[in-house]
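The structure under discussion appears below in the form of structure tokens.
Values below: all heavy atoms of this structure, side chains included; hydrogens, waters and symmetry mates excluded.
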Amino acid sequence: MNFPEPSLVPVNGVQLEVFEAGQQNAGKPIVLCHGWPEHAFSWRHQMAALAEAGYHVIAPNQRGYGNSSRPTEVTDYDIAHLSGDLVALLDHYGYDDATFVGHDWGAMVVWGLTLLHPNRVNKVINLSLPYQERGETPWIELMEAVLGGDFYFVHFNRQPGVADAVFDENTFQFLRNLYRKNLPLMEPRPGMAFIDLARAEVPLGEPVMSDDELAVFVSAFESTGFTGSVNWYRNLDRNWHLLAEVDPIIKQPTLMIYGDRDMIAKSDRLADFVPNVDVVTLDCGHWIQQEKPEETTRAILTWLEQQDATVRAR
């Protein structure tokens with residue numbers, strides 16, 4: 001892949017490894033936020049097309065990933081820090097606001113960024129993870145009560161370091177087994193699913209990407225280990241508290257892209273919290289922009305064109 005060379009950008013007390021395309025389109029920024037356990041490279045299929053459509057495309061490896069900083073304190077990965085990095089990234093480029101695109105955990109960060117810094121976000125495009133209602137109970141506490149201690153969100157919090165070590169020991173095997181599509185339907189087994197996945201010698205389904213593409217992710221995590229990225233999960237209840245006082249309604253125009261076979265559930269109350277939302281569902285699993293690259297790019301560009309047309313018509 002002809003993926004851009006990165007630069008290191010100082011923001012918010014850390015450095016982010018940032019990949020750009022369409023720098024000639026200054027003034028029309030779109031920021032692409034990867035999920036877990038991913039890398040800015042997961043947007044490789046979208047970057048050139050977005051640049052060609054007139055956008056300044058900014059794809060950071062967020063803190064804990066790639067050659068970006070990996071602070072040692074767990075609390076340095078809460079939503080205040082993660083959203084603060086993105087605000088500082090806009091400041092670095094001299095932008096008041098931008099369109100933000102997130103997948104998986106990147107979507108969680110974009111939702112949080114939009115709640116905490118609404119003036120810095122002009123449009124939201126999120127993939128896989130819908131808006132998460134805050135509710136009366138902290139998220140990990142709720143998941144533990146409903147899904148048990150082996151559910152990976154809970155396990156990461158209650159048994160710190162255990163899963164990280166297994167992932168670090170089996171980096172290639174874990175990522176090879178994780179980045180799959182067209183998986184057979186199976187009953188869930190007891191135990192921590194991701195630890196089992198990291199130790200499984202035979203992958204299921206079909207690969208999402210080529211061996212060369214997978215090697216980019218494997219090399220990155222062999223270099224960094226997994227603890228920085230898993231620390232995002234260890235702040236979920238902290239984030240619940242940090243979001244206590246904000247207006248919970250996302251007012252920006254929003255596109256939500258689901259994968260029909262994604263294990264993450266769709267939200268039946270999305271429009272209650274995101275009233276200006278349009279929804280697109282693609283026939284794929286969790287790794288939406290990599291499983292269905294052309295369809296994802298088309299959905300994003302079509303929606304952005306519609307938003308521009310609406311603004312011009314006013």
When you measure from the side chain of [X] to the backbone of [Y], do you find a donor-acceptor pair of N or O atoms at a distance under 3.5 Å?
X: Tyr77; Y: Pro71; answer: yes
X: Ser229; Y: Pro37; answer: no
X: Gln173; Y: Ala198; answer: yes
X: Gln132; Y: Pro130; answer: yes
X: Asp237; Y: Trp139; answer: yes
X: Asp78; Y: His81; answer: yes
X: Arg180; Y: Asn177; answer: no
X: Gln252; Y: Val121; answer: yes
X: Asp260; Y: Cys284; answer: no

Under 4.5 Å between any side-chain heavy atoms of [X] and [Y], yes or no?
X: Ser69; Y: Leu16; result: no
X: Val31; Y: Leu90; result: yes
X: Tyr65; Y: His39; result: no
X: Phe273; Y: Ile249; result: yes
X: Thr296; Y: Gln46; result: yes
X: Val9; Y: Ser7; result: yes
X: Gln289; Y: Glu38; result: yes
X: Tyr93; Y: Val18; result: yes

Cationic N near anionic O, under 4.0 Å, Lys251 to Asp247: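 Salt bridge between Lys251 and Asp247, a charged N being under 4.0 Å from a carboxylate O: yes.
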
Steps toward ring pair (Phe, Tyr, Trp, His ring centres under 6.0 Å) verdict (Phe174, Phe226): CA-CA 11 Å; Phe174 176 48; Phe226 283 85; 5.7 Å; yes

Rounded to the nearest 0.5 Å, what separation is found between the [atom1] atom of [X] and the [atom2] atom of [Y]?
X: Leu255; Y: Gln307; atom1: CG; atom2: CD; value: 8.5 Å
X: Leu82; Y: Leu113; atom1: CG; atom2: CG; value: 10.0 Å
X: Ile30; Y: Ile300; atom1: CD1; atom2: CD1; value: 6.5 Å
X: Glu20; Y: His56; atom1: CD; atom2: NE2; value: 3.5 Å
X: Glu201; Y: Asn170; atom1: CD; atom2: CG; value: 9.5 Å
X: Met256; Y: Tyr131; atom1: CE; atom2: OH; value: 13.5 Å

Just grab all the salt bridge (charged side-chain N to carboxylate O under 4.0 Å, His left out) pairs involving [range], residues at least two apart or on different chains.
range: residues 149-173; value: Glu144-Arg158, Asp164-Arg234
range: residues 79-105; value: Arg63-Asp85, Asp91-Arg120
range: residues 122-134; value: Glu133-Arg269

Heavy atoms from other residues, nucleotides or ligands near CD of Glu52 exceed 12 (cutoff 6.0 Å):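 At most 12 heavy atoms, drawn from other residues, nucleotides or ligands, come within 6.0 Å of this atom.
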
Heavy atoms from other residues, nucleotides or ligands near CD of Glu294 exceed 12 (cutoff 6.0 Å):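 No - once you tally the heavy atoms of other residues, nucleotides and ligands closer than 6.0 Å, there are 12 at most.
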
Minimum-distance pair of heavy atoms, taken over all atoms of [X] and [Y]:
X: Cys33; Y: Phe100; result: SG-CD2, 4.3 Å
X: Ser223; Y: Arg70; result: O-NH2, 4.4 Å
X: Met192; Y: Ala163; result: CE-CB, 3.8 Å
X: Asp283; Y: Lys292; result: O-CE, 2.9 Å
X: Trp287; Y: Leu178; result: NE1-O, 3.2 Å
X: Pro207; Y: Lys181; result: O-CE, 3.6 Å

Would you say [Y] ends up clustered with [X] if hydrophobic residues are merged whenever their side chains have heavy atoms under 4.5 Å apart, either directly or through other cluster members?
X: Val146; Y: Ile264; answer: yes
X: Val101; Y: Trp303; answer: yes
X: Ile140; Y: Val74; answer: no
X: Val162; Y: Trp232; answer: yes
X: Ile195; Y: Leu147; answer: yes

Side chains of [X] and [Y] only: does a donor on one sit below 3.5 Å from an acceptor on the other?
X: His286; Y: Ser128; result: yes
X: Ser210; Y: Glu213; result: yes
X: Arg261; Y: Asn182; result: yes
X: Thr254; Y: Asn276; result: no

Audit row: Leu175, Tyr179, side chain to side chain contact (heavy atoms under 4.5 Å, CB included) steps and yes/no: CA-CA 6 Å; Leu175 295 175; Tyr179 284 119; 4.0 Å; yes

Parallel, tilted or perpendicular: rings of Trp43 and His103 (30°, 60°):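 Judged by the thresholds at 30° and 60°, the geometry between His103 and Trp43 is perpendicular.
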
Tyr233: ring pair (Phe, Tyr, Trp, His ring centres under 6.0 Å) partners, not counting sequence neighbours: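 If we apply the ring pair (Phe, Tyr, Trp, His ring centres under 6.0 Å) test to Tyr233, skipping adjacent residues, the hits are Trp36, Trp105, Tyr152, Phe153, Phe156.
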
Test log, rule side chain to side chain contact (heavy atoms under 4.5 Å, CB included), inputs Asp308 and Lys28: CA-CA 12 Å; Asp308 287 346; Lys28 205 172 179 185; 3.6 Å; yes

With Arg176 via side-chain hydrogen bond (donor to acceptor under 3.5 Å, both in side chains) - residues at least two apart: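 Arg176 satisfies side-chain hydrogen bond (donor to acceptor under 3.5 Å, both in side chains) with no other residue.
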
Residue list, side-chain hydrogen bond (donor to acceptor under 3.5 Å, both in side chains) with Gln24, at least two apart or on another chain: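 Residues passing side-chain hydrogen bond (donor to acceptor under 3.5 Å, both in side chains) with Gln24: none at all.
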
Test side chain to side chain contact (heavy atoms under 4.5 Å, CB included) applied to Val280 and Thr302, step by step: CA-CA 11 Å; Val280 169; Thr302 298; over 6 Å; no

Residue pair Met108, Leu236: steps toward the side chain to side chain contact (heavy atoms under 4.5 Å, CB included) verdict: CA-CA 10 Å; Met108 179 76 91; Leu236 211 62; 3.9 Å; yes

